[in-house]
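Note sheet for the following structure.
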Amino acid sequence: MTDVRPLDEPAADVARQPRELNLTWALVLISVAQLMIVLDGTIANIALPYIQADLEISQANLTWVVTGYALAFGSLLLLGGRLGDLYGRRRVFMAGLVIFGVASLLGGFATGEPMLLASRGLQGLGAALASPAALALITTTFPAGPARNRAFAVYAAMSGAGAAVGLILGGWLTGTSPELFGTAIDGWRLTFLINFPIGLAAAALAPRFLNESESHPGELDLPGALTGTLGLLGVVYGLSRAGTEGWTDGLTLASLAAGVAMLVVFALIERRVAHPLLPFRIFTSRTRAASFVAMFFAPAAMFAMFYFLSQYIQNVMGYSPLKAGVAFLPFTVGIVVGAGLASNLLSRVNPRVISGTGTLIAAGALYGFSTLPYDTSFPVQDVTGTYVSDILPFVIMMAFGMGLTFVPVTLTAVHHLRAQESGIGSGVLNTAQQVGGALGLAVLATVATQTFTDRGAELASAGAAAAAAGGPTPSPEQMQAMEAVARLQVFTEGSTQAFLVGSFLMLAASAVIWILLDVKHEELATDGPEPVHVG
């Protein structure tokens, strides 16, 4: 005879739900905050040349405008999730939004490189506090079943579309130069300043539309917080640096080694303390562990897609910043449609089928990007793909596939967690996404860079051989034009190789989902912690 007993009582903070109208506005508030946090990872990308010129930032340090945010965000997520569990998720959510807004204001008025980079790190801290709290608030605010499925669909759509929205908004704002009190404001500054009123308004409205979760007993694991944060900091920094300096760079290897060592120490501490920052029992569920792994691999491919495709559209196809941003608009539409369909299917279809199909569609899209035309045979011809036939179909496929993937994976990652651990579970999920994105970009950038180097050397050798054979000698202007075309064609070939490897990363996520994600759709309509079967 098998008895089933719960690990603890259902969460008290889901017992009393807000009014139906509040549920709607609660979702709007959480979604706007999440969209703001996610899009900040890409909104400054298109503005980088303008930031560099205005603040006189060196090319070597320019990447820190993007990676500084990701570094602080990714390394502090576990701490942010735990703080929400201990001291109240709404309170931590509001604190994160205020910090994020103030940091954005500082970035918008930055007068030099140090001030801008410091503001980006402070933005990352605010995001690390607000993002896991936002996800946990959905779990504790919306009842299990269709209402929570719809909420997760909107949340996942905001998370996935944020990167594309960031490119669109960044392209538009960068191209503007409004006047305030007779003083012209550089467009790139608006990419930061826009977050200040949004962040503070969302924080001010939170007490009205969001219930505070219970503050659960426990102590903040300071040794675990220190070693875990330093470990993630070392790993994320090493992965980010590998994307620009290569995997053999001394500082890259030292950072990765130190990060891994600190994470080992972190694991030893967590097994011995009474109130761990990361209770390892959240990994004992095969379904939850599979969700974390899938959320590691899928963004690894998706974030790299944005990185290479945005450069291809601007540099190779010659799109302006605004036009390049608009080119990604179908992505936002596709992911919303995919997320909505996933939400509707979850009450009838198992998550494995929905998210497994989504990852296969996304893998097909990445393979489609790998077929972009190029010519790297000597003499190089100027070959360029077309948006309608070579890019648009696969942008839509990628978005639809990610919409189908993110909703079930996000839901299964935090479902049936103990009430006092939903914040840290959300932090783990977000950490997997951020570290996976950094790893994916580093790996695919290495693949692309190796192709750039090898093909560039081959073309240089072929050109020298042609000159030695007595071929016509081009003028300096002709040589400059030929080199410019060759660089773009070599970049395209490197990007296609990165897309091809990205498709295998997505297939890895798909394999994990199909093999290990075995929760049934009926279970997603129930609340409370996972049952333990006692024989």
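Just so it is clear, the structure is predicted and the values come from calculations on it, not from any experiment.
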Separation between CG of L329 and OG1 of T332, rounded to the nearest 0.5 Å: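 The distance works out to 4.5 Å.
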Just how far is it from atom CG of L76 to atom CG of L129, taken to the nearest 0.5 Å? 7.5 Å
Run the side chain to side chain contact (heavy atoms under 4.5 Å, CB included) check on I30 and L210 step by step: do they pass? CA-CA 9 Å; I30 293 172; L210 297 175; 3.8 Å; yes
Any heavy-atom pair between the side chains of [Y] and [X] that's under 4.5 Å?
{"X": "F400", "Y": "I335", "answer": "no"}
{"X": "L78", "Y": "V428", "answer": "yes"}
{"X": "M317", "Y": "I391", "answer": "yes"}
{"X": "L360", "Y": "W514", "answer": "yes"}
{"X": "F73", "Y": "Q123", "answer": "no"}
{"X": "L309", "Y": "V395", "answer": "yes"}

Under a 3.5 Å distance rule, please check whether [X] uses its side chain to pair with a backbone N or O of [Y] as donor and acceptor.
{"X": "S31", "Y": "V28", "value": "no"}
{"X": "S510", "Y": "M506", "value": "no"}
{"X": "T229", "Y": "A225", "value": "yes"}
{"X": "R348", "Y": "N344", "value": "yes"}
{"X": "R89", "Y": "A136", "value": "no"}

Which residue pairs pass the side-chain hydrogen bond (donor to acceptor under 3.5 Å, both in side chains) test with at least one member in residues 391-400, sequence neighbours excluded?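 side-chain hydrogen bond (donor to acceptor under 3.5 Å, both in side chains) check on residues 391-400 returns no pairs.
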For the student: nearest non-hydrogen atoms of [X] and [Y], plus distance:
{"X": "L517", "Y": "R352", "value": "O-NE, 3.0 Å"}
{"X": "I515", "Y": "R286", "value": "O-NH2, 4.3 Å"}
{"X": "L263", "Y": "G228", "value": "CD2-O, 4.1 Å"}
{"X": "A327", "Y": "P330", "value": "O-CD, 3.4 Å"}
{"X": "T492", "Y": "Y374", "value": "CG2-CB, 3.8 Å"}
{"X": "A33", "Y": "L97", "value": "CB-CD2, 3.8 Å"}

If the condition is side chain to side chain donor-acceptor pair (under 3.5 Å), which residues does [X] pass it with, not counting sequence neighbours?
{"X": "S291", "answer": "T412"}
{"X": "Q433", "answer": "none"}
{"X": "T287", "answer": "D518"}
{"X": "N350", "answer": "H521"}

Which residues share a ring pair (Phe, Tyr, Trp, His ring centres under 6.0 Å) with F266, sequence neighbours left out: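 Listed in chain order: nothing, the list is empty.
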What pairs with F394 under ring pair (Phe, Tyr, Trp, His ring centres under 6.0 Å), at least two apart in sequence or on another chain?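 Ring pair (Phe, Tyr, Trp, His ring centres under 6.0 Å) list for F394, sorted by chain: F369.
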Who are the salt bridge (charged side-chain N to carboxylate O under 4.0 Å, His left out) partners of E270, not counting sequence neighbours?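 E270: no salt bridge (charged side-chain N to carboxylate O under 4.0 Å, His left out) contacts found.
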Can you list every pair that meets salt bridge (Lys or Arg N to Asp or Glu O under 4.0 Å) and has a residue in residues 493-515, with sequence neighbours left out?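 Residue pairs with at least one partner in residues 493-515: R455-E493.
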Check the pair F283, R288 against side chain to side chain contact (heavy atoms under 4.5 Å, CB included), reporting the backbone distance first and the verdict last. CA-CA 6 Å; F283 297 104; R288 187 175 302 116; over 6 Å; no
What is the ring orientation for F306 with F328, classed by angle as parallel under 30°, tilted 30 to 60°, or perpendicular over 60°? tilted
Anything under 30° is parallel, anything over 60° is perpendicular, the rest tilted; go ahead and classify Y69 against F100.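 Ring orientation, 0 to 90° scale: perpendicular.
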Evaluate the side chain to side chain contact (heavy atoms under 4.5 Å, CB included) criterion for residues W25 and L205: first the C-alpha distance (whole Å), next the side-chain angles of each, then the deciding distance (0.1 Å), finally the verdict. CA-CA 10 Å; W25 284 108; L205 291 172; over 6 Å; no
Around Y367, counting heavy atoms of other residues, nucleotides and ligands shown, do more than 12 lie under 6.0 Å from its OH? no
By side-chain contact (heavy atoms from CB on, under 4.5 Å) - contacts of I269 (at least two apart): D221, P223, T227, V265, V273
Return all side-chain donor-acceptor pairs below 3.5 angstrom for residues 401-411, not counting sequence neighbours, or 'none' if the list is empty.
unit_1, atom_1, unit_2, atom_2, d
T405, OG1, T359, N, 3.2
T405, OG1, G401, O, 2.8
T410, OG1, F406, O, 2.6

Would you mind listing every ring-ring contact (aromatic ring centres under 6.0 Å, His included) that reaches into residues 27-46, with sequence neighbours excluded?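 Passing the test, one end in residues 27-46: no pairs.
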Checking L169 against I194 for the side chain to side chain contact (heavy atoms under 4.5 Å, CB included) test, could you report, in this order, the C-alpha distance in whole Å, the side-chain angles of both residues, the deciding distance, and whether it holds? CA-CA 10 Å; L169 193 59; I194 192 174; 4.0 Å; yes
